[in-house]
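Below, read A as the first sequence line, B as the second, and so on, with proteins coming before strands; counting in each chain starts at 1. These figures come from a predicted structure and were not determined experimentally.
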Number of protein chains: 2
Amino acid sequence: MSQTWDAALRARGYRVTPQRQLVLEAVTKLDHASPEEIFAEVHQKATGVNVSTIYRTLELLEQLGLVTHTHLGHGAPRYHLAAEAQHVHLVCRDCGRVTELAPDAAQPLVTALDEEHGFETDVGHLTVFGTCRDCRRTRPGPGATSA
Amino acid sequence: MSQTWDAALRARGYRVTPQRQLVLEAVTKLDHASPEEIFAEVHQKATGVNVSTIYRTLELLEQLGLVTHTHLGHGAPRYHLAAEAQHVHLVCRDCGRVTELAPDAAQPLVTALDEEHGFETDVGHLTVFGTCRDCRRTRPGPGATSA
DNA sequence: TTTAGTGCAAACACTTTGCAAAGTA
DNA sequence: TACTTTGCAAAGTGTTTGCACTAAA
């Protein structure tokens with residue numbers, strides 16, 4: 001589980017470049033980071049690298065199945081290693097905290113959607129918005145009390 | 001359930017304008033449309049209306065609790081009437097089709113997240129990505145067959 | 001050497017802003 | 001009339017593209 005990535009590139013005729021390595025490292029280190037964050041990280045180690053390279057590389061790495069992305073709300077997509085276990089994201093609307101959950105948390109939903117709608121859920125991209133435990137304590141929350 | 005919206009505006013000191021009515025009508029008619037689609041719809045009926053007005057109006061209507069938005073993947077946010085029953089979105093990665101489901105489809109998930117993580121799910125914003133029945137038929141799908 | 005990858009700058013899509021003119025109350 | 005809302009045009013984000021140069025194989 002060390003440098004298989006460069007084999008993955010070469011195997012498909014792509015070249016191994018420092019930029020690609022840096023991007024992959026940044027994705028690994030940051031975990032669900034946005035392209036901009038990845039850029040910042042890479043830029044720190046190699047000032048010359050351009051944003052467009054970040055985007056192009058992310059696209060390539062995703063295509064190769066090395067990384068994936070999810071959408072955590074408004075902003076930019078978030079990238080993480082595909083090798084990492086799939087996980088469900090819990091995003092708190094109040095504090096913005098992102099929690100990762102084992103995919104089986106969604107199992108009942110997945111099963112229900114499959115059986116009732118023939119829909120095959122992509123669990124790795126499942127993001128649930130709401131209010132986390134801490135924020136619910138702090139303020140009653142929109143779901144508990146209504147008008 | 002007819003023109004309560006104009007009362008909602010006036011009650012808060014906002015003015016009732018044709019633009020606002022048109023935007024609300026477009027949101028109602030189109031259902032989970034992007035700002036651009038709403039713009040197109042409004043523009044058809046009143047050529048003079050500007051995009052910026054669409055954005056400003058959507059923001060206002062959302063703030064007033066008349067409409068809400070969700071993110072259905074990459075693109076622009078999607079707006080729909082808040083008055084409409086909450087629903088879960090199923091988005092097919094292949095054909096892009098969006099299916100609306102009654103929120104109780106997610107009930108087991110909601111309960112599990114609440115009990116196990118103290119997380120209060122915002123069901124109305126829940127979007128599930130995956131492959132729909134038709135597309136699964138057409139092509140094996142990434143979940144069924146692997147390498 | 002050959003061909004793929006990169007930096008750069010310009011182009012893009014989407015959204016926001018300032019301001020003067022127009023419209024609601 | 002007084003003050004909100006709009007249209008317009010320009011400025012901002014975040015992302016993509018064309019092209020000549022650089023570098024991997």
**Q.** Spacing of A:R12 atom CZ relative to C:dG5 atom P, expressed in whole Å
**A.** 13 Å
Q.
Please compare A:V51 and B:N50 by the position of their nearest nucleotide in DNA chain C and report the one closer to 5'.
A. A:V51
Q. Any side-chain N or O of A:R15 less than 4.0 Å from the OP1 or OP2 oxygen of D:dA23?
A. no
Q | B:K45 side, atom NZ; B:E25 side, atom CD - distance, nearest 0.5 Å | A | 5.0 Å
Q) Are OP1 or OP2 of C:dG7 and a side-chain N or O of A:Q19 less than 4.0 angstrom apart? A) yes
Q. Taking for each residue the nucleotide of DNA chain C bearing the nearest heavy atom, is the 5' side occupied by B:A76 or by B:V16?
A. B:A76
Q | Nearest-nucleotide pick for B:T17, side chain only, options being C:dG5, C:dT24, C:dC14 | A | C:dT24
Q: Decide yes or no, distance alone: a donor-acceptor N/O pair under 3.5 angstrom between the base of C:dT6 and the side-chain of A:R56.
A: no
Q) To the nearest Å, how far apart are A:F39 CZ and C:dG7 P? A) 9 Å
Q | Between P of D:dT17 and CD1 of A:I54, the distance in whole Å | A | 17 Å
(Q) Base, sugar-phosphate or nothing for B:S34? Non-hydrogen atoms, less than 4.0 Å. (A) nothing
Q | Contact under 4.0 Å: A:T53 side-chain N or O vs C:dG7 OP1/OP2 | A | yes
Q.
Could you tell me how far apart B:Y14 (OH) and D:dT6 (C1') are, to the nearest whole angstrom?
A. 16 Å
Q | For atom CG of A:L60 and atom C1' of C:dA4, their distance in whole Å | A | 11 Å
Q: Could you tell me whether B:R97 and B:D134 have a side-chain N and a carboxylate O separated by less than 4.0 Å?
A: yes
Q) Under the criterion side-chain contact (heavy atoms from CB on, under 4.5 Å), which of A:L24, A:T68, A:D31 is the partner of A:L81? A) A:L24
Q) For the pair made of CG in B:L64 and P in D:dT4, what is the distance, rounded to whole Å? A) 15 Å
Q | Ring center gap for A:H89 and A:H125 short of 6.0 angstrom | A | no
Q: Look at the side-chain N and O atoms of A:S52 and state whether any lies under 4.0 Å from the OP1 or OP2 oxygen of D:dT17.
A: no
Q | For atom CZ of A:R78 and atom P of D:dG14, their distance in whole Å | A | 11 Å
Q.
Among residues at least two apart in sequence or on other chains, which ones pass side chain to side chain contact (heavy atoms under 4.5 Å, CB included) with A:D114?
A. B:R136
**Q.** D:dT6 phosphate, OP1 or OP2, under 4.0 Å from B:R20 side-chain N/O
**A.** yes
Q. Reckon B:T57 has a side-chain N or O less than 4.0 Å from the OP1 or OP2 of D:dT5?
A. no
Q: Calculate the interatomic distance between A:R10 atom CZ and C:dG5 atom P; express it in whole Å.
A: 12 Å
